[in-house]
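What follows is one structure encoded as structure tokens, with my remarks underneath.
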Protein chains: 2
Amino acid sequence: MDQRQALIAFGALSQETRLYIVRMLVVSGPGGMAAGAIAEKAEVSPSNISFHLKELERSGLIAQQRESRSIIYTANYEALGGLVRFLMEDCCSGHPEICAPAAEVAACCAPKGKEKLQ
Amino acid sequence: MDQRQALIAFGALSQETRLYIVRMLVVSGPGGMAAGAIAEKAEVSPSNISFHLKELERSGLIAQQRESRSIIYTANYEALGGLVRFLMEDCCSGHPEICAPAAEVAACCAPKGKEKLQ
DNA sequence: TCCATATTTCAATAATCCTTGAACTGTTGA
DNA sequence: TCAACAGTTCAAGGATTATTGAAATATGGA
């Protein structure tokens with residue numbers, strides 16, 4: 001994740017509908033969701049959801065794949081991780097204050113720590 | 001950090017000059033930087049830097065304090081940490097892929113791990 | 001008090017982004 | 001092949017955001 005990509009990603013996340021989509025797709029997992037289902041959940045028109053999905057795909061935060069008539073969108077976990085990484089990249093130059101809360105959240109994903117899912 | 005704040009923060013970070021400012025302030029530490037110095041580094045006009053600094057302050061990602069003639073801006077590490085946390089909040093619902101890289105970066109801030117600064 | 005410095009505010013313009021509805025493309029089943 | 005379904009694309013308009021330069025505010029020193 002370089003600065004150019006990060007700028008696009010932050011821009012993508014700075015719009016209500018798009019932030020909602022990303023969070024929905026993160027939760028929905030590798031199975032993803034069809035564009036229509038996303039539109040319904042987000043309560044926006046097909047053409048509008050298409051506009052935002054396209055923007056999110058351009059940012060690399062989500063990916064698409066056709067499945068029969070539907071187009072399935074999934075979160076790109078690697079890109080999201082990269083963005084978090086980018087945001088924290090500088091913080092270790094003497095400022096653990098930023099990393100601290102991140103480390104805290106990350107802790108719940110520790111290999112052995114699966115007991116506290118959700 | 002709620003969704004409303006996150007939206008504003010992502011919007012704040014989605015502009016080149018502002019992303020540059022934030023990264024500069026994170027590195028510059030608690031001492032911060034004067035508006036003029038920031039403008040010079042970022043190579044933009046005083047009125048333009050003022051516009052962006054105001055936007056960043058509105059987002060909560062930076063704070064200001066007057067010091068004699070200068071106005072000193074500093075990064076708000078807590079807000080940045082909160083944003084990282086917000087971005088990762090959902091990922092533990094079965095998707096350690098997002099947290100993994102974050103945990104990796106965060107690791108360098110571990111209490112005992114100060115040997116690997118920068 | 002007056003001037004210089006440091007920065008902000010304001011108004012106008014330019015640029016970008018979002019929404020909408022109509023038309024278009026691809027896919028499936030009758 | 002045709003109709004229905006699932007989405008996308010496009011153009012127009014509205015809304016928001018960014019840039020610019022001129023004027024205003026605040027501070028400190030002569």
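Letters A, B, ... are given to chains in the order of the sequence lines, protein chains preceding strands, and every chain is numbered from 1.
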5'-most contact on DNA chain C (nearest-nucleotide basis), A:Thr17 vs A:Glu67, goes to A:Thr17
Could you tell me whether the phosphate oxygens of D:dT17, OP1 or OP2, come under 4.0 Å of any side-chain nitrogen or oxygen in A:Gln15?
no
Are any of A:His52's side-chain N or O atoms less than 4.0 Å away from OP1 or OP2 of C:dT19?
yes
What's the shortest heavy-atom distance between B:Lys41 and B:Tyr20, and which atoms?
O-OH, 3.6 Å
Closest non-hydrogen atom pair, B:Leu61 against B:Ala12
CD1-CB, 4.3 Å
Taking the six-membered ring of B:Phe86, is NZ or CZ of A:Arg23 closer than 6.0 Å to its centre and within 45° of its axis?
yes
Shortest side-chain distance from A:Ser68, nucleotide among C:dT19, D:dA18, C:dT28:
C:dT28
For [X] and [N], give me the distance from atom [atom1] to atom [atom2], rounded to whole Å.
{"X": "A:Met33", "N": "D:dA6", "atom1": "CE", "atom2": "P", "result": "14 Å"}
{"X": "B:Arg58", "N": "D:dA18", "atom1": "CZ", "atom2": "P", "result": "10 Å"}
{"X": "A:Glu43", "N": "C:dT19", "atom1": "CD", "atom2": "C1'", "result": "16 Å"}
{"X": "A:Glu40", "N": "D:dG7", "atom1": "CD", "atom2": "P", "result": "10 Å"}

Determine, for nucleotides 1-12 of chain C in 5'-to-3' order, which nucleotides have protein heavy atoms under 4.0 Å from the base (write B), from only the sugar-phosphate (write S), or from neither (write -).
----BSSBB---
Show the numbers, then the answer: is there a salt bridge (Lys or Arg N to Asp or Glu O under 4.0 Å) between A:Lys54 and A:Glu57?
CA-CA 5 Å; A:Lys54 195 179 170 191; A:Glu57 221 211 341; over 6 Å; no
Using a heavy-atom cut-off of 4.0 Å across all strands, would you classify A:Glu55 as base, sugar-phosphate, or nothing?
nothing
Residues, nucleotides or ligands: over 12 heavy atoms within 6.0 Å of A:Gln3 CD:
yes
side-chain contact (heavy atoms from CB on, under 4.5 Å) partner of B:Ile38, chosen from B:Ile62, B:Ile71, B:Ile21:
B:Ile21
